Amino acid sequence: MKKMFALVCAVLLVLSAVPALAEGTLRVGMECGYAPYNWQQIEENEFTARIADGSGYADGYDVQIALRIAKALDMDLEIVKTEWDGLIPSVLSGNIDLIIAGMSPTAERKMTIDFTDHYYQSELVVVVRKDGPYASAKTLADLSGAVICAQLNTFHDTVIDQIPNVQHDTPRETFPAMIVNLLSGAVDGYVAERPGAEADVMANPSLTYIQFEEGQGFEASEDDTAIAIGLAYGSAYKDAINAALAEISEDERVQIMLDATARQPLVAE
């Protein structure tokens, strides 16, 4: 009898730790301003998800991944538009369930929050002016003396000093701010991941990006260049999310990113 009672208690404990997958709303935090990973738009379509504050709809690579995860969990999806620096505090406070925002699972972030398996793998590039002195660069050494910046509180900012004689400029809060500074000549370039750089270049024909020759670019760990979903330690969603991600093939992930890049609204402006 005692064994049966212990077994029942164990089952109840496990069930209490599992989210109610058959109902409820999955709250996903993202900036809604980091195309092609995520962006905001006014019109609803087959690719979008509603933004919780009523300001419109979100689309992008992250949104497509979020939609698949919500479907796998049998939950409704709600996008919570959140500033970059507010994402980790929001998931820790329970204001959001997940961070799906082009975030890399760096060692520093892992000290605070947990991450799922990777859902995208990228590479680091530098966006420069097409008519600028660094447009033909192929190695980090070719950027010697350049004024380079990156987004605030990202690992992108930590790799800049790998460039010989670099002028490491103050990090900016957003990518649009860096684009404005690059176009105005305030900086010579900024560090980005390739999908974001491709989106920026498509939206701004006067820009290009440097894809370094093999072995001549930034040194970074696999986690630094990967993208994963952030969640609180102990979250019962993790295993179910990893199972859902495992169903998306590498070819399909690449195609989703290509489609998002082609669809992102800045391209049409």
Side-chain angles (χ1 to χ4, degrees), residues 25-71 73 75-91 93-104 119-120 122 127 150-154 156 171-183 190-205 207 209 227-231 241 253 255-269:
T25 300
L26 186 68
R27 298 161 301 165
V28 173
M30 61 182 66
E31 290 179 280
C32 299
Y34 182 32
Y37 286 103
N38 53 77
W39 67 79
Q40 181 176 347
Q41 62 186 57
I42 296 175
E43 295 183 357
E44 181 181 13
N45 60 42
E46 61 183 305
F47 303 106
T48 60
R50 183 177 64 87
I51 297 176
D53 63 8
S55 60
Y57 300 89
D59 190 5
Y61 184 83
D62 290 329
V63 176
Q64 305 317 302
I65 297 298
L67 285 166
R68 287 170 180 251
I69 290 171
K71 182 177 180 180
L73 299 179
M75 299 178 74
D76 295 326
L77 175 63
E78 185 174 76
I79 302 299
V80 181
K81 184 178 178 181
T82 309
E83 294 294 329
W84 179 260
D85 285 350
L87 287 168
I88 289 178
S90 290
V91 82
S93 68
N95 187 52
I96 59 176
D97 301 306
L98 307 174
I99 299 170
I100 308 183
M103 181 174 283
S104 300
Y119 67 92
Y120 195 76
S122 188
V127 180
Q151 187 180 24
L152 183 67
N153 293 331
T154 66
H156 300 167
R172 273 55 168 184
E173 291 190 2
T174 66
F175 275 82
M178 290 191 290
I179 292 172
V180 169
N181 284 186
L182 178 56
L183 291 172
Y190 63 85
V191 180
E193 292 168 19
R194 185 175 177 180
E198 289 180 345
D200 292 348
V201 168
M202 291 175 72
N204 301 275
L207 301 182
Y209 68 89
I227 304 299
I229 296 169
L231 64 176
I241 291 172
R253 296 179 194 209
Q255 189 59 54
I256 294 171
M257 180 59 81
L258 291 173
D259 291 344
T261 301
R263 194 169 63 247
Q264 59 104 13
L266 290 178
V267 174
E269 293 182 354

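Small disclaimer: the values here were computed from a predicted structure and weren't measured. Scope of the values below: all heavy atoms of this structure, side chains included, with no hydrogens, waters or symmetry mates. Position 1 is the first residue of the sequence; numbering continues from there.
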Looking at [atom1] of [X] and [atom2] of [Y], how far apart are the two atoms once the value is rounded to the nearest 0.5 Å?
X: Ile96; Y: Met30; atom1: CD1; atom2: CE; result: 9.5 Å
X: Leu26; Y: Leu77; atom1: CG; atom2: CG; result: 6.0 Å
X: Thr261; Y: Met202; atom1: OG1; atom2: CE; result: 6.5 Å
X: Glu31; Y: Glu173; atom1: CD; atom2: CD; result: 10.5 Å
X: Arg172; Y: Ile179; atom1: CZ; atom2: CD1; result: 12.5 Å

Check: Arg50 side chain, Glu44 main-chain N or O, donor-acceptor pair, under 3.5 Å:
no

Exam field: side chain Thr82 to backbone Val80, donor-acceptor pair closer than 3.5 Å:
yes

Parallel, tilted or perpendicular: rings of Tyr61 and Tyr120 (30°, 60°):
perpendicular

Between Phe175 and His156, what is the ring plane arrangement, given parallel below 30°, perpendicular above 60°, and tilted in between?
perpendicular

Heavy-atom distance under 4.5 Å between the side chains of [X] and [Y], does that happen here?
X: Leu152; Y: Asp85; result: yes
X: Asp259; Y: Gln255; result: yes
X: Trp84; Y: Met103; result: yes
X: Arg68; Y: Ile256; result: yes
X: Phe47; Y: Val63; result: no
X: Tyr190; Y: Asp200; result: yes
X: Tyr37; Y: Ile227; result: yes

With no hydrogens and no angle check, do the side chains of [X] and [Y] hold a donor and an acceptor under 3.5 Å apart?
X: Gln41; Y: Thr48; answer: no
X: Ser93; Y: Asn95; answer: no
X: Asp59; Y: Gln264; answer: no

Test of understanding: with side chain to side chain donor-acceptor pair (under 3.5 Å), list the residues that count as partners of Asn38, not counting sequence neighbours.
Asp62

Nearest heavy-atom pair of [X] and [Y]: which atoms, and what distance?
X: Ala260; Y: Trp39; result: O-CH2, 3.4 Å
X: Tyr119; Y: Ala101; result: OH-N, 3.8 Å
X: Cys32; Y: Ala58; result: SG-CB, 4.1 Å
X: Ser90; Y: Gly86; result: OG-O, 2.7 Å
X: Glu193; Y: Ser122; result: CB-OG, 3.5 Å
X: Met178; Y: Gln151; result: SD-N, 3.6 Å

Go through Ile241 and Leu98 one step at a time and tell me if the side chain to side chain contact (heavy atoms under 4.5 Å, CB included) criterion holds.
CA-CA 10 Å; Ile241 291 172; Leu98 307 174; 3.6 Å; yes

Criterion side chain to side chain contact (heavy atoms under 4.5 Å, CB included) on Leu207 and Leu183, from CA distance to verdict
CA-CA 8 Å; Leu207 301 182; Leu183 291 172; 3.6 Å; yes

Report the residues that fulfil salt bridge (charged side-chain N to carboxylate O under 4.0 Å, His left out) with Arg253, sequence neighbours left out, ordered by chain and then residue number.
none

Evaluate side chain to side chain contact (heavy atoms under 4.5 Å, CB included) for Ile69 paired with Ile100, printing each intermediate quantity in order.
CA-CA 11 Å; Ile69 290 171; Ile100 308 183; 4.2 Å; yes

